[in-house]
K.L.:
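Here you go, one structure.
We use all heavy atoms of the structure for the numbers below, so side chains are in, but hydrogens, waters and symmetry mates are not.
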Amino acid sequence: RDRAASRVADSREVDYLRDEVAARVADRLLDIKRRYHTVVELGAGCGHLAKAVDDDMMDKLVMCEMSPHALNRDLDATYDVAVSRQVMNEEMPRFDDESLDAVVSSLSMHWINDLPGMLIQVRKALVPDGVFIGAMLGGDSLFELRSSLQLADVERDGGIAARVSPLTDTRDVGSLLNRAGLTLSTVDLDSIVVNYPSMLHLISDINAMGEGNAVVQRLPYIKRDTLLAASAIYKVIYMIGWKPDPSQPKPLPRGSGEASLGDMFDTKSQKL
């Protein structure tokens with residue numbers, strides 16, 4: 001991230017994906033009919049969410065990012081809300097218990113190794129009935145790139161190399177939220193289609209974003225033959241979870257219903 005953000009001009013040219021996802025995260029925060037005093041963003045990058053929020057939503061946004069170069073890339077930028085910056089490893093957020101009203105994360109969680117541990121720390125930091133909203137790359141993101149490279153590897157080298165970092169499956173996200181102790185969880189999947197002239201342009205943008213392959217045992221290069229043989233859809237997983245609170249709605253006990261679905265739909269029912 002530091003290396004990518006230090007190339008300021010190239011880095012700003014590829015803000016399009018993070019800016020778009022940050023705007024969609026801000027829309028989800030706006031759907032909650034509350035105005036927050038302070039919102040903490042984990043993995044803030046270069047301030048993409050700060051561009052999408054305004055003072056009708058919050059008084060202050062605390063941008064937490066592990067890369068000082070990314071965090072301070074646009075230090076002179078002005079936003080509609082007051083912002084503060086903290087260099088922090090989003091994998092191990094450190095906040096006082098029950099001190100935050102809302103925590104958000106936009107396109108950063110796919111880099112975290114211990115997602116349950118990170119979410120547990122977020123839940124501890126939230127006040128009762130506080131909300132966490134996250135967005136991460138997952139599912140079959142970059143399916144075309146991965147498939148092309150795998151086919152090219154098989155054709156040229158007779159095997160498959162780890163070319164793309166592993167991503168979380170959509171079906172696992174709800175379990176992660178529940179495991180962390182967050183309730184009323186909501187998970188949805190969004191597809192963002194970006195057209196590139198060629199695979200080389202796509203790889204160039206991925207590197208400029210600081211989103212290159214981080215697998216430890218990856219090959220340090222891609223052969224020219226493999227690139228020529230191979231030629232994007234980004235799958236973004238959005239999640240919302242709330243810290244438990246007695247004021248939240250809860251399901252009624254099993255068997256407490258007083259109306260029959262058969263009567264409602266005017267159908268005959270029989271006992272099994």
Side-chain angles (χ1 to χ4, degrees), residues 18-65 71 77-86 88 90 92-109 112 115-136 138 170 173-190 192 236-252:
R18 291 184 180 274
D19 286 347
E20 177 63 27
V21 175
R24 300 186 186 194
V25 170
D27 283 343
R28 285 162 171 78
L29 188 61
L30 192 61
D31 288 338
I32 302 171
K33 303 304 181 184
R34 296 182 184 177
R35 188 179 186 281
Y36 296 97
H37 175 64
T38 302
V39 174
V40 170
E41 181 188 10
L42 299 177
C46 303
H48 310 281
L49 183 65
K51 303 175 189 176
V53 297
D54 56 42
D55 55 7
D56 289 334
M57 302 166 63
M58 66 190 72
D59 293 326
K60 183 179 181 180
L61 177 67
V62 180
M63 299 164 50
C64 301
E65 167 64 43
L71 188 63
T78 57
Y79 306 107
D80 291 338
V81 297
V83 300
S84 65
R85 294 173 169 85
Q86 292 185 26
M88 178 185 295
E90 54 263 33
M92 296 178 290
R94 293 289 182 262
F95 297 100
D96 294 335
D97 290 352
E98 298 190 357
S99 61
L100 306 176
D101 294 324
V103 177
V104 298
S105 179
S106 178
L107 282 196
S108 172
M109 293 174 61
I112 293 176
L115 274 174
M118 173 263 189
L119 291 171
I120 288 172
Q121 294 301 318
V122 168
R123 190 254 304 160
K124 289 180 178 179
L126 287 171
V127 299
D129 203 32
V131 65
F132 168 74
I133 301 178
M136 63 186 295
T170 311
V173 175
S175 299
L176 287 171
L177 292 172
N178 292 332
R179 181 178 172 185
L182 296 169
T183 61
L184 303 177
S185 56
T186 304
V187 179
D188 64 288
L189 183 65
D190 203 1
I192 299 178
V236 183
I237 304 172
Y238 298 91
M239 66 200 79
I240 301 176
W242 297 78
K243 184 165 182 175
D245 185 75
S247 66
Q248 293 173 347
K250 295 177 176 59
L252 294 173

K.L.:
Heavy atoms only: give me the nearest Val131-Ile133 pair and the separation to one decimal.
P.N.:
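In terms of heavy atoms, the two residues are closest at CG2-CG1, 4.0 Å.
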K.L.:
Give me the atom names and distance for the closest heavy-atom approach of Ser105 to Leu42.
P.N.:
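Answer, listing the atom of Ser105 first, then Leu42: OG-O, 3.2 Å.
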K.L.:
Work out which heavy atom in Leu126 is nearest to a heavy atom in Phe132; give both atom names and the distance.
P.N.:
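Result for this residue pair: CD1-N, 4.1 Å.
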K.L.:
Could you walk me through whether Glu41 and Val25 pass side-chain contact (heavy atoms from CB on, under 4.5 Å), step by step?
P.N.:
CA-CA 11 Å; Glu41 181 188 10; Val25 170; over 6 Å; no
K.L.:
For residues Pro244 and Gly181, report the shortest heavy-atom separation together with the two atoms involved.
P.N.:
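Nearest pair, atom of Pro244 first, then Gly181: CD-O, 3.3 Å.
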K.L.:
For the NZ atom of Lys243 and the CG atom of Asp101, what is their distance to the nearest 0.5 Å?
P.N.:
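The distance works out to 11.5 Å.
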K.L.:
Taking the side chain as C-beta and beyond, is there a heavy-atom pair between Arg34 and Asp129 under 4.5 Å?
P.N.:
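A side-chain contact exists here, since the closest heavy-atom pair is under 4.5 Å.
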K.L.:
With side-chain contact (heavy atoms from CB on, under 4.5 Å) as the criterion, how do Arg94 and Gln121 come out once you've worked through the C-alpha distance, each side chain's angles and the decisive distance to 0.1 Å?
P.N.:
CA-CA 8 Å; Arg94 293 289 182 262; Gln121 294 301 318; 4.1 Å; yes
K.L.:
What distance separates Arg179 CZ from Ile120 CD1, expressed to the nearest 0.5 Å?
P.N.:
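The CD1 atom of Ile120 is 7.0 Å from CZ of Arg179, to the nearest 0.5 Å.
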K.L.:
Using the rule given for side chain to side chain donor-acceptor pair (under 3.5 Å), can you reason through Gln248 versus Thr183, listing the C-alpha separation, both sets of side-chain angles and the distance that settles it, and then say yes or no?
P.N.:
CA-CA 9 Å; Gln248 293 173 347; Thr183 61; 3.2 Å; yes
K.L.:
Would you find more than 12 non-hydrogen atoms of other residues, nucleotides or ligands less than 6.0 Å from Lys124 atom NZ?
P.N.:
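Result for NZ/Lys124: open.
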K.L.:
Using 0.5 Å steps for rounding, measure from the CD atom of Glu65 to the OG atom of Ser108.
P.N.:
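With rounding to 0.5 Å, CD (Glu65) is 6.5 Å from OG (Ser108).
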K.L.:
Taking Arg85 for the side chain and Leu71 for the main chain, is one N or O donor matched with an acceptor at less than 3.5 Å?
P.N.:
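Yes: the side chain of Arg85 pairs with the backbone of Leu71.
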K.L.:
Might you point out which heavy atoms bring Ala26 and Val53 nearest each other, and give the distance in Å?
P.N.:
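Of all heavy-atom pairs spanning Ala26 and Val53, the closest is CB-CG1, 4.1 Å.
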K.L.:
How about Arg35: does its CZ atom have over 12 heavy atoms from other parts shown lying under 6.0 Å from it?
P.N.:
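Count over threshold, so yes.
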K.L.:
For the CG atom of Leu61 and the OH atom of Tyr79, what is their distance to the nearest 0.5 Å?
P.N.:
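Atom-to-atom, Leu61:CG and Tyr79:OH are 9.5 Å apart.
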K.L.:
Hey, could you give me the CG/CE distance between Leu119 and Met239, rounded to the nearest 0.5 Å?
P.N.:
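Reported value, rounded in 0.5 Å steps: 7.5 Å.
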K.L.:
Between Val187 and Leu177, does the side-chain contact (heavy atoms from CB on, under 4.5 Å) criterion hold? Intermediate values first, please.
P.N.:
CA-CA 10 Å; Val187 179; Leu177 292 172; 4.2 Å; yes
K.L.:
With the side chain counted from C-beta on, respond yes when Pro128 and Glu98 share a heavy-atom pair under 4.5 Å apart, and no when they do not.
P.N.:
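Side chain of Pro128 against side chain of Glu98, heavy atoms only: contact under 4.5 Å found.
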K.L.:
First locate atom CG of Asp31, then atom CD1 of Ile240, and finally report the distance between them rounded to the nearest 0.5 Å.
P.N.:
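Here the rounded value is 7.5 Å.
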K.L.:
Do the charged groups of Asp188 and Arg24 touch, with an N to O distance under 4.0 Å?
P.N.:
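The answer is no: the pair does not qualify as a salt bridge.
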K.L.:
Using every non-hydrogen atom in the two residues, find where Met63 and Cys46 come nearest and quote the distance to one decimal.
P.N.:
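Looks like CE-C, 4.4 Å.
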K.L.:
Indicate yes or no: at least one non-hydrogen side-chain atom of Leu29 is less than 4.5 angstrom from one of Tyr36.
P.N.:
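Sidechains of Tyr36 and Leu29: in contact.
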K.L.:
Could you walk me through whether Leu184 and Thr186 satisfy the side-chain contact (heavy atoms from CB on, under 4.5 Å) test, starting with their C-alpha distance in whole Å, then the side-chain angles of each, then the deciding distance to 0.1 Å, before giving a yes or no?
P.N.:
CA-CA 7 Å; Leu184 303 177; Thr186 304; over 6 Å; no
